[in-house]
Amino acid sequence: MRPFQWPKDLKPLLLRFKDRASIAKIHAIMISSGTFDRGTSFNGQLVASYIRIGDIESARLVFDKSPHRAVDAYNAMIIAYSRKVCPLEVIKLYKQMNLEGARPDSSTFTLALKACTSLLDLDMGEKIRTNAVKCGYEHDMFVGSSVLNLYAKCGQMDEAMGVFEKIPGRDIVAWTTMITGFVQSGRVSDAIWIYRQMQKEGIEGDGVVMLGLIQACANIGDTKMGLSVHGHMIRRDLRIDVVVQTSLVDLYAKNGQLELSSRMFRNMSHRNAVSWSALISGCAQNGFVGNALELLKEMQSFGFELDLVSLMSGLLACSQVGFLKLGRSIHGYIMKRLDLDQVLGTALIDMYSKCGFLSNGRAVFELLSSKDLISWNTMIASYGIHGQGMEALSLFLHMTETDLKPDHATFASLLSACSHSGLVEEGKYCFDRMVYEFNIKPSEKHYACLVDLLARAGRVEEARDLIDSMTTDPGIAVWVALLLGCHIHRKLLTGELAAKKVLELKPDNPGIYALVSNFYAAARKWDEFAGVRKVMKNTGMKKVPGYSVVEVHGKLHAFLMEDKSHPQYEQIAGMLEKLEHEMTAMGYIPNTEFVLHNLEEEVKVKMVCSHSERLAIAFGLLNTGLGTRLLITKNLRVCRDCHEATKFISKIVNREIVVRDVKRFHHFKDGVCSCGDYW
DNA sequence: CTAGGGTTAG
């Protein structure tokens, strides 16, 4: 009998079989005939066959048991792991093949570089790059654009540019890598410049290039330009797929154009989880909390599991209005279905602390097995807004014992924590360490924090000296901080200077005009006062309507100032009247200093007593059991009078009342506030 | 015929 003869090439034969059983049969024959142990190219083809039918385990078994592995076998395995997004496996195999002396080719290098990119492992990536150059792939387009992408994703755009300039005959992929790289590093003008260069070289942008431009528009808030990119795509008949549509949804949502964004979203024929998340996060970021939460439910009803990003947006929405109950249930959802990583963990820390439960936030922080810079910064900021400056400082000291380097955000949180707690010396100490030890150039925000801290402590002259020491022109935030301190401490001379500077810089925020006019009123500078009022009127600047939100039995209730539309209004008014009576008996005197209008005193008293937080507090007291703690979230700052009144109320009803205003928390208990009247 | 550039985020 003639001995069994294999064909010269096994590949055509293997390609004919698309089922596991036939491939396994050939596999068996290879083993029994001893072919397998000779380790020819047949083994690699067998590996590829198993991968073709998606059976990575069998492929790996063949691969591991082969006495010899050729590049093709390695590449087949690497492609499989790359598709399955297992970058660590890809790199392991890459290392192994170098040890075994199999020379990687262009596709090996490309995939290995891609794996490093996804791990942001610049060191390994650079080793691979060196090896690729040694193997003669320096001018390979695939390897080249992979190296570019590695640098771009690791935020090394200048390095990427150097590589880019040396690639001969750059193709559109290389150009795109540079464009999106610049966009994602926040260097939008460089991205646009690169795009123009590409056009000059006669290369037309495709869909991916346009996508990069849309992202650029989203980042700088230029919805008009985004619209024209969209138009350009339609005219040029470029395919507008889910990814592009999602970016357009994001562009409009991020910039507060929810109408446009949801119209775009509703018109999509296919949506994926990312599209949903883009819209939801846009809603959450722009304060459209109700819409965000509705969409979250709708997303599920369309059969999508909530993913990392949509959950984070949900948590952000809860944070904004103090929706503890929903925040908690999202926490439960996460624990059941996902791993608590530092990103979600940080969102939870933020949610708990913004919902008034700082200790829960700290507990989540302790639970995190790995904490990154943002986790620490968030925790420090949380202590800050709750007025626990010393805790914030001690956490910062702990942080300096880790490998993490504090950044500008760390110091911004720290300085504002000191300022909320009136820790003047500590604040100055932090500022000095930031500049001299960590070599961080203080930004406008840092200066504003320190000026605020000094000025509110009454050290107005020191604050002025600090401003004079700035190397850049002080911006509006710095002058506003100085003015506020001057207003509190009645430092009229410096205050007038600050007020003048503030007005020169043309604030776009009605709250700032209110501060300036209040200052002039207190200083009895009636001409200036009238001037400011006129500017406010002429620019159509209206006071942002104040509202407060309170959670009662797991539901949110919002109140506007003088809100009479509420079904329980009679009861609420009755409760407030009763409280006022008791408060007055205890020595409360209404403080109308902060009411702007030129009104009769009696009307002013009525106005402060109908501020939205009072209504929310009364409603909360009426509808919750004795001793229950209340959390009120307000969109503006608490006024002096409401602050005073809430102290009395907390004593009268013997409850803890937590008020979160736009800047910080006030914990009222037993007639005192945690801020110590310092805010 | 394989391989490089793309959407959301604390």
Just checking [X]: base, sugar-phosphate only, or nothing, at a heavy-atom cut-off of under 4.0 Å?
X: A:Val244; value: base
X: A:Thr378; value: nothing
X: A:Ser375; value: base
X: A:Arg83; value: sugar-phosphate
X: A:Asn149; value: sugar-phosphate
X: A:Asp241; value: base
X: A:Leu279; value: nothing
X: A:Asp105; value: nothing
X: A:Met178; value: nothing
X: A:Leu111; value: sugar-phosphate
X: A:Lys371; value: nothing
X: A:Asp206; value: base

*Check: A:His331 ring centroid to A:Tyr352 ring centroid under 6.0 Å*: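 Distance test on ring centres: under 6.0 Å, yes.
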*Centres of the A:Phe396 and A:Phe411 rings: under 6.0 Å?*
yes
Just how far, in rounded Å, is [atom2] of [N] from [atom1] of [X]?
X: A:Tyr137; N: B:dG4; atom1: OH; atom2: P; value: 16 Å
X: A:Asp407; N: B:dG10; atom1: CG; atom2: C1'; value: 14 Å
X: A:Met379; N: B:dG10; atom1: CE; atom2: P; value: 18 Å
X: A:Met97; N: B:dA3; atom1: CE; atom2: C1'; value: 13 Å
X: A:Asp250; N: B:dG6; atom1: CG; atom2: P; value: 16 Å
X: A:Asp140; N: B:dT2; atom1: CG; atom2: C1'; value: 13 Å
X: A:Ile78; N: B:dG4; atom1: CD1; atom2: C1'; value: 15 Å
X: A:Gln184; N: B:dA9; atom1: CD; atom2: P; value: 11 Å

Selected nucleotide, minimal atom distance to [X] side chain, candidates [options]:
X: A:Lys254; options: B:dT8, B:dG5, B:dT7; result: B:dT8
X: A:Val243; options: B:dA3, B:dT7, B:dG5; result: B:dT7
X: A:Ser145; options: B:dT8, B:dG10, B:dG4; result: B:dG4
X: A:Ser281; options: B:dG5, B:dG4, B:dT8; result: B:dT8
X: A:Thr110; options: B:dA3, B:dT7, B:dG5; result: B:dA3

*Under 4.0 Å between a side-chain N or O of A:Thr246 and OP1 or OP2 of B:dT8?*
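For A:Thr246, the contact criterion (side-chain N or O under 4.0 Å from OP1 or OP2 of B:dT8) is not met.
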*Indicate whether OP1 or OP2 belonging to B:dG6 is found under 4.0 Å from a side-chain N or O atom of A:Lys153.*
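A:Lys153 to B:dG6 OP1/OP2: side-chain N or O found under 4.0 Å.
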*So, do A:Val209 and A:Met198 sit near enough that their side-chain heavy atoms are less than 4.5 Å apart?*
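A:Val209 vs A:Met198: side chains touch.
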_A:Trp276 and A:Phe302, any side-chain heavy atoms less than 4.5 Å apart_ =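 Yes. Closest side-chain heavy atoms under 4.5 Å.
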*Within the modelled atom types, does a donor on one side and an acceptor on the other bring the side chain of A:Thr346 and the base of B:dG10 under 3.5 Å apart?*
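In this structure, the two groups form a donor-acceptor pair.
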_Tell me if the side-chain of A:Thr176 makes a donor-acceptor pair with the base of B:dG5, cut-off 3.5 Å, by modelled atom types._
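It does, because a donor-acceptor pair links the side chain of A:Thr176 to the base of B:dG5 below 3.5 Å.
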Any salt bridge between [X] and [Y], counting N to O under 4.0 Å?
X: A:Asp158; Y: A:Arg187; answer: yes
X: A:Arg129; Y: A:Glu126; answer: no
X: A:Lys127; Y: A:Asp123; answer: no

*Just checking, is any N or O donor in the side chain of A:Asn377 or A:Asp407 under 3.5 Å from an acceptor N or O on the other one?*
yes
*Under 3.5 Å, is there a donor-acceptor pair linking the side chains of A:Ser58 and A:Arg20?*
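Per modelled atom types, A:Ser58 and A:Arg20 side chains form a pair under 3.5 Å.
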_Nearest 0.5 angstrom please: A:Asp241 CG to A:His270 NE2, how far?_
11.0 Å
*asked:* What residues from residues 282-316 of chain A pass a heavy-atom cutoff of under 4.0 Å to DNA chain B?
replied: A:Gln285, A:Leu308, A:Val309, A:Met312
*Return the residues of residues 331-344 of chain A meeting this criterion: a heavy atom under 4.0 Å from some atom of DNA chain B. Order them by number, or give none.*
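By residue number: A:Gln342, A:Val343.
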*Establish, for the pair A:Arg83 and A:Tyr81, whether the NZ or CZ atom is under 6.0 angstrom from the six-membered ring centre and no further than 45 degrees off its axis.*
no
*Could A:Arg328 and A:Phe357 be counted as a cation-pi pair, given that NZ or CZ must be under 6.0 Å from the ring centre and within 45° of the axis?*
yes
